[in-house]
Amino acid sequence: MLLARWIILMLLLGAVACFVFYIGTGQARYKQWGLKIIKWTVLAALTFFAVLILERLA
């Protein structure tokens, strides 16, 4: 569980860094990378919470 939390945190920090680079440079590729990272972060968080719910049910 601790590993999953760290992965989600690192994904969020990566997305923030991409958006900061986008604001600083104005290059659209950083915004695209940030949005892709956000998508994977949401997927990882949903998986994490699904595992927590399944543990509670078992």
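All figures in this text were calculated on a predicted structure; none of them were measured in a lab.
- Note: I7 CD1 to T47 OG1 = 10.5 Å, rounded to the nearest 0.5 Å.
- In this structure, the side chains of F19 and I37 stay at 4.5 Å or more apart for every pair of heavy atoms.
- Taking every heavy atom of both residues into account, I8 and A45 meet most closely at CD1-CA, 3.7 Å.
- The other residues sharing a hydrophobic cluster with V20 are V16, where clustering joins ILVMFWY side chains under 4.5 Å apart.
- Note that CG of L43 is 10.0 Å distant from CG of L11, once rounded to the nearest 0.5 Å.
- The line from SG of C18 to CD1 of I23 is 11.5 Å long, rounded to the nearest 0.5 Å.
- Listed by chain and number, the residues in a ring pair (Phe, Tyr, Trp, His ring centres under 6.0 Å) with F21 are Y30 (sequence neighbours excluded).
- Shortest non-hydrogen contact noted between A15 and G34 is CB-O, 4.0 Å.
- By the 4.5 Å heavy-atom criterion applied to side chains, Q27 and Q32 are not counted as neighbours.
- When hydrophobic clusters are built by joining Ile, Leu, Val, Met, Phe, Trp and Tyr residues whose side-chain heavy atoms come closer than 4.5 Å, directly or via intermediates, M1 is grouped together with F49.
- Rounded to the nearest 0.5 angstrom, T41 OG1 and L12 CG are separated by 5.0 Å.
- Hydrophobic cluster membership is shared by L9 and L2, with clusters built from Ile, Leu, Val, Met, Phe, Trp and Tyr side chains linked at under 4.5 angstrom.
- Residues F48 and A4 come closest through the heavy atom pair CD1-CB, 3.6 Å.
- Between M10 and L13 the shortest side-chain heavy-atom distance falls below 4.5 Å.
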